[in-house]
There are 2 protein chains.
Amino acid sequence: MLRKSKKERQQLLLETIEENPFVTDEQLAAKFGVSVQTIRLDRMELSIPELRERIKDVAERNLENEVKSLPLDEVIGEIIDIELDKRAISIFDVKKEHVFQRNGICRGHHLFAQANSLCVAVIDDELALTVRANVVFIQPVRAGDRVITKAIVRETNKEKNRTYIDVISTVNNEPVFKGEFEMYRTKGEGEQQ
Amino acid sequence: MLRKSKKERQQLLLETIEENPFVTDEQLAAKFGVSVQTIRLDRMELSIPELRERIKDVAERNLENEVKSLPLDEVIGEIIDIELDKRAISIFDVKKEHVFQRNGICRGHHLFAQANSLCVAVIDDELALTVRANVVFIQPVRAGDRVITKAIVRETNKEKNRTYIDVISTVNNEPVFKGEFEMYRTKGEGEQQ
DNA sequence: ACTGGTGTTAGTACCAAGTGCTAAAATGAT
DNA sequence: ATCATTTTAGCACTTGGTACTAACACCAGT
């Protein structure tokens, strides 16, 4: 086996550990056909921490992320008031993970998600699906802002299995987002898709 | 200091480790005013693995999660083709975390997010913000579906700093979502420095 | 008072996966 | 051949444990 040069080996070492941080020095030594000590010298030179530190880093990054990723399948924002089939209010605190790094402005789909999930929640039915939505982003929202979103049921058409909801989101009482949502619901004639 | 009973201590131990998996036996012993050995017996009885295993578990959970949580602040879906200021295509695999538990149908805001972030991406500008969106959810999308979304720039109005984009999402060539997005941009196309 | 059971503590040997250090080889280049 | 670089070896020590044995401490029952 043609042994690679130091430089090549160190480059590969970087890539290997990047790809799989759970690899031990011993495994690396075997992989590159060198001694464990050589791997350790390499790690020193490249300032790569030891296995346990690497794992810890991954775990710590994760623990932060877990908080971020949880809202993914829950209601976006916190519902603070609800009267089924009539109206609902939720609040959503915009954090730095919700904004564009470049300009600090909240990504539109988070505001949409808050409004949309509030519409789903306000409907007193087993099944509530969004059929159509017309939304307007009135003012940019930034990290640190607290968005208060109100959903008001405008009309329910039992024949068509539709509910129409008006949504308005504000920050400091200034409107930042508004939308009209047309929702499908089963109640009445129980028509399933 | 009244020392807690074994049961109380073990309950608290569980909660403490749940909350902060990075705590060592020594720290726990200090916290509960017992010996390290007692903590270890407790862990045995409760089948709580040692610190390193706990950290590793968190880290491994992460590696899975990374795929899930990354999209939160990146583009939703994977862009597979893009021609700046003209058109773009992304794919998004719907997983079980994207759907309502109750009926297995994808939450609308994920489809919106895919479309919206594709619109942001297709604009060749420093700043691109959604101003208005009219969207229609044509057919329910379910876990396992692969949503292919195409964004086509219809028009750019340089005076108004606006770009209008048509979006259509399909599953197995059947349309499931469509939308019209009005985007704000700082510069007209082809005016980048 | 003696015995038993539960709970707690102490101590030892051992492990993985390292760090930190010194020193000796092996290798390559001039 | 000589010198620097690179690699290897060896040893002591560290953390945060496991696994096991042995010793206490304390309270209850007969």
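These numbers come from a predicted model, not from an experiment. Just so it is clear: chains get the letters A, B, ... in the order the sequence lines come, proteins before strands, and each one is counted from 1.
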Would Q139(B) and E174(B) count as having a side-chain donor-acceptor pair, cut-off 3.5 Å?
-> no

Legend entry - Side-chain N or O of R9(A) closer than 4.0 Å to phosphate OP1/OP2 of dT7(D): yes

Regarding the side chain of T24(B), the nearest nucleotide among dT18(D), dG17(D), dT15(D) is dG17(D)

- Query: Just wondering, do R185(B) and T156(B) contact through their side chains at under 4.5 Å, heavy atoms?
  - Reply: yes

In L127(B), V120(B), D125(B), the residue satisfying side chain to side chain contact (heavy atoms under 4.5 Å, CB included) with I123(B) is D125(B)

Those stems involving DNA chain C that have three or more consecutive Watson-Crick or G-U pairs, both distances under 3.5 Å, are C:1-30 with D:1-30

With the side chain defined as heavy atoms from C-beta on, R43(B) is closest, among dG10(D), dG20(C), dG17(D), to dG17(D)

>> So, OP1 or OP2 of dT9(C): does either fall under 4.0 Å of a side-chain N or O from S35(B)?
In response: yes

Tell me, do F181(A) and T163(A) make a side-chain contact under 4.5 Å, heavy atoms counted? no

Whole-Å distance, L28(B) CG to dG16(D) P, equals 12 Å

Can you find a donor-acceptor pair, distance only, under 3.5 Å between R52(B) side chain and dG17(D) base? no

DNA chain C nearest-nucleotide lookup for P49(A) and E45(B): closer to the 5′ end is E45(B)

Rounded to whole Å, the CG-P distance (D25(B) to dT9(C)) equals 13 Å

Checking dG18(C), dG11(C), dT7(D) against the side chain of Q37(B) (C-beta onward), the nearest is dG11(C)

Practice task
Return yes when atom CG of D81(A) has more than 12 non-hydrogen atoms of other residues, nucleotides or ligands closer than 6.0 Å, and no otherwise.
Solution key: yes

